[in-house]
Structures are given as C-alpha cells and as structure tokens.
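The structure appears right after this line, and notes come after that.
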Amino acid sequence: MKRLFLLAVLLLLLIPGALSEEPAGALLDKAGFAELEALSEALDGPNVREIAGMALSGKLPVSRDIPAQALRQLLESVRSALLPALSALVFPVLVTLALGMVLGADSGPLTLLCRLATAYSLARQYAGALALARQGMAVAVRIANTAAPVVAAALALTGRAASAATLTPLSAICADGIENALVAWGLPLSGIAAIVAAGGSLSDRFRLDRLFRLMCRAITWSVGMLIAAFVGLMALQGRLAATRDGATNQAMRQALRGMIPFIGGSVADSSGALMETALAVRNAVGVAGMLVLLATAVGPALQLGAHMLSVKLVSALIEPVADPGITRIAAGYGEIARLLLALYAGSVLLVALLLGTGLGLLGF
Amino acid sequence: MDMQALTEAARELFGICVAVATMEMLTGTGSAAKSFRSLCALAATLCALRMAVRLF
C-alpha cells in the first residue's frame with residue numbers, strides 16, 4: 001500500500017511537469033521528429049522545430065503580407081513564363097500573316113511549316129513543365145514517406161494506437177497512388193494528349209478535337225476519382241480506428257480507477273491532462289508536416305500555374321490575327337498545361353490529406 | 001496499361017495528321033486530297049481504336 005501511495009505521489013509530481021515545453025520537446029523527439037527536420041532542411045523548407053515550438057505555444061507563423069507575397073510571386077512567375085510562350089508564337093503568327101498577304105491562298109505548305117514550328121516550340125515548353133511536375137511529385141512522395149511515420153508515432157503518443165496502425169498502410173496507398181497512377185499513367189497520358197492536340201490541328205479538315213477532349217476528360221476524372229477514393233478510405237478507416245481507440249482509453253481509465261485505491265480516480269483524471277499534452281504534440285507534428293509540404297509545393301504549383309496562364313493568355317491574344325491552326329495548337333497546349341497542374345495539385349492534395357490526420361482531420 | 005505502345009500509336013496518329021496536312025496543302029482540296037484524306041481517316045480510326053484498347 002505504501003509503495004502504491006509513493007507511486008501515486010510521484011505521478012502527481014510528474015504530471016504538471018508534462019505540461020511544460022521541455023517534455024513536449026522530448027515527446028517530439030520520441031515521435032522521430034528529427035527525420036522530418038532533416039528532410040525539411042534537405043528540401044530548403046522551413047525550420048520545422050521552430051514551427052513546432054510555435055504550434056505548441058498556440059501560435060502560428062502567419063503574417064499579414066502572405067496573400068500579397070503569394071500574388072507578387074504568381075505575377076513574377078507569369079511574367080517569366082509569358083516571354084517564352086510569346087516568343088514561341090509570335091514568330092509563326094507573323095510569318096503566316098505575311099505569307100497570307102503576299103501569296104494569298106497559295107501559302108499552304110509554308111503555313112503547315114509554321115504550324116509545325118509552333119507545335120515544336122510549345123512542346124519544348126511542355127517538356128520543361130512536365131519535368132517540373134515530375135520532380136514536384138517525387139518531392140511530395142518523399143514528404144509523405146518521411147512525415148507519415150512521424151505523424152503515426154505522434155498519434156500513438158495520444159493513445160490512438162489503432163489510428164496510428166492504420167496510417168502506415170494509408171501512407172503506402174498514398175505514395176503508391178501518386179507513383180503508379182499519377183506519375184506512371186497521368187503524366188505520359190498528358191504527353192500523348194499533347195501529340196494528339198498538335199496533330200489534330202495541323203489540317204483544317206482533319207481534326208482530332210473529340211479524341212483530345214476525351215483524353216483530357218479521362219485524366220481529369222482519374223485524378224478526381226483517385227482523390228475521392230482516398231478520402232473515402234481515410235474517413236472510413238479513421239472512424240473505425242477512432243471508435244476502437246476511444247474504447248481502449250475508456251477501459252484504461254476504468255482500470256486505473258479500480259486498481260489504485262483512494263487516489264485511482266485522480267490518477268485516471270490526470271491521464272486526461274497527459275493525453276492533452278500529447279495531443280498538442282500531435283498537432284505540432286501535423287502543422288510542421290503540413291507547412292513543409294506547402295513550402296515545397298508552392299513553388300512548382302506557381303510555376304505550373306503561370307505556365308498554364310501564359311499559354312492560355314497568348315492563345316487568346318493571338319486568336320483575332322493568327323492562323324486558326326496555330327490558335328488551336330496553342331489552345332490545346334493551354335489545356336495540357338491545365339492537366340499538368342491538376343495532376344500535380346492532385347498529388348499534393350493526397351499527401352496533404354494524409355498529413356492532415358496529424359491535425360485530427362477525417363476522423364483521426 | 002502499355003504506355004510504350006500507347007505512345008507509339010499516338011506518334012503514328014501524329015504522322016497521319018502530318019501526311020494529311022501536307023497532301024492538302026500541296027494539292028488544295030481536289031479529289032485526290034479528298035480520297036487520300038478518307039484513307040488516312042480510316043488509318044487514324046484504327047490508331048485511335050488501338051489507343052482506346054491500350055487505355056481501358
């Protein structure tokens with residue numbers, strides 16, 4: 001009995017200490033936070049330990065000039081993407097205009113050459129955007145693979161062992177979905193759609209518009225369906241695991257209450273306080289993971305968005321004066337740039353959903 | 001899905017398009033261009049079908 005009493009006193013002495021920042025930092029290390037820190041450093045991301053410290057003290061590194069900064073960056077990216085898109089189109093457009101004036105209806109073969117030149121220079125820009133998207137998606141997978149175990153460990157600290165156990169297969173599904181569906185199928189399909197867009201616009205009477213639209217729709221629908229399936233799976237798993245965790249924690253509290261005489265009740269109550277500290281740690285891990293993802297994803301997303309905007313803008317600008325074939329090719333490549341952005345945004349969203357479990361999203 | 005075969009079919013389709021466009025630009029819209037276009041349309045349909053089979 002005396003030993004039990006001593007144990008209870010020791011526990012009561014330790015519990016207020018658990019609410020200070022030092023044990024929270026120790027809990028972060030226990031969750032394998034150092035790996036996330038190393039990854040963020042390798043990717044030139046933010047200082048995650050600082051972010052976690054701020055999240056633990058209830059603040060977030062949010063400043064008022066974030067929207068203005070994002071807008072400025074977007075405009076800058078558009079400006080730098082606009083020049084290549086313009087230079088790719090202005091020359092063929094001017095040549096076809098001059099040919100139309102000089103030769104009239106006989107400018108056929110040269111017009112075809114101009115259309116081919118447009119398709120070639122836009123394809124080169126598309127190749128750059130494709131490489132950017134592929135690289136960005138690889139980074140997203142890397143973040144998912146590194147951050148998911150940390151989030152799972154943090155979840156386990158909050159007494160949610162069942163939720164943590166479901167997170168590992170979910171992260172495997174997420175990485176698999178990105179690598180085997182979006183990267184292995186989506187990106188090559190967008191390339192094939194680009195070939196169809198260029199080929200189908202070379203002749204005025206031989207068009208492949210419907211095939212091109214079908215391919216675009218197939219890619220968009222596949223991305224949407226993949227995300228919907230993943231959200232559904234996560235929500236379902238999260239609900240099931242949360243119920244099981246709730247039951248386990250309730251049973252643990254009841255056992256504490258019954259097993260330790262006199263003070264068992266207060267020990268059981270203070271276990272709630274311990275859980276709250278662990279919950280703060282879990283949120284800090286979630287916020288840090290999410291910010292690493294955002295910080296690394298915002299650059300490629302802005303560049304891909306700027307590429308799409310500039311190609312669409314230039315195709316809209318040249319429409320009144322340019323040869324219809326050239327306009328059609330530019331519009332097709334604008335659509336392909338939109339697909340690339342959708343594929344990249346889809347993969348980032350999948351990883352964000354996975355890391356969102358660290359913030360208690362989707363029932364976790 | 002066989003991406004290699006799909007890409008090859010897409011390239012063939014592109015080749016057909018280039019051939020049709022060249023023929024049309026060279027001969028105008030005469031009957032020769034028309035019959036060549038019908039022939040190419042048949043080949044393009046086969047290509048597109050092959051792509052669809054690889055896709056789904």
Please name the pair of heavy atoms, one in [X] and one in [Y], separated by the smallest distance, quoted to 0.1 Å.
| X | Y | result |
| --- | --- | --- |
| A:Trp185 | B:Met3 | O-CE, 3.5 Å |
| B:Glu24 | A:Asp204 | OE1-N, 4.4 Å |
| A:Gly200 | B:Cys17 | N-SG, 4.0 Å |

**Study point:** Part of residues 39-49 of chain B lying next to chain A, heavy-atom separation under 4.5 Å
**Key:** B:Cys40, B:Ala41, B:Ala44, B:Ala48
Check your understanding: Can you find a pair of side-chain heavy atoms, one from A:Pro188 and one from B:Leu6, that are under 4.5 Å apart?
Key -> no
**Study point:** Side-chain heavy-atom pair A:Ile195, B:Leu13 within 4.5 angstrom cut-off
**Key:** no
Review point. At a heavy-atom separation under 4.5 Å, does A:Arg115 approach chain B through its side chain, its backbone, both, or neither?
Key: side chain
Study note, to complete from the structure: So CG of A:Leu116 and CZ of B:Phe14: to nearest 0.5 Å the spacing works out to 5.5 Å
Check your understanding: At a heavy-atom separation under 4.5 Å, does B:Met23 approach chain A through its side chain, its backbone, both, or neither?
Key -> neither
Study note, to complete from the structure: Residue from A:Leu208, A:Val196, A:Leu211, A:Leu202 scoring the most non-hydrogen pairs under 4.5 Å with chain B is A:Leu202
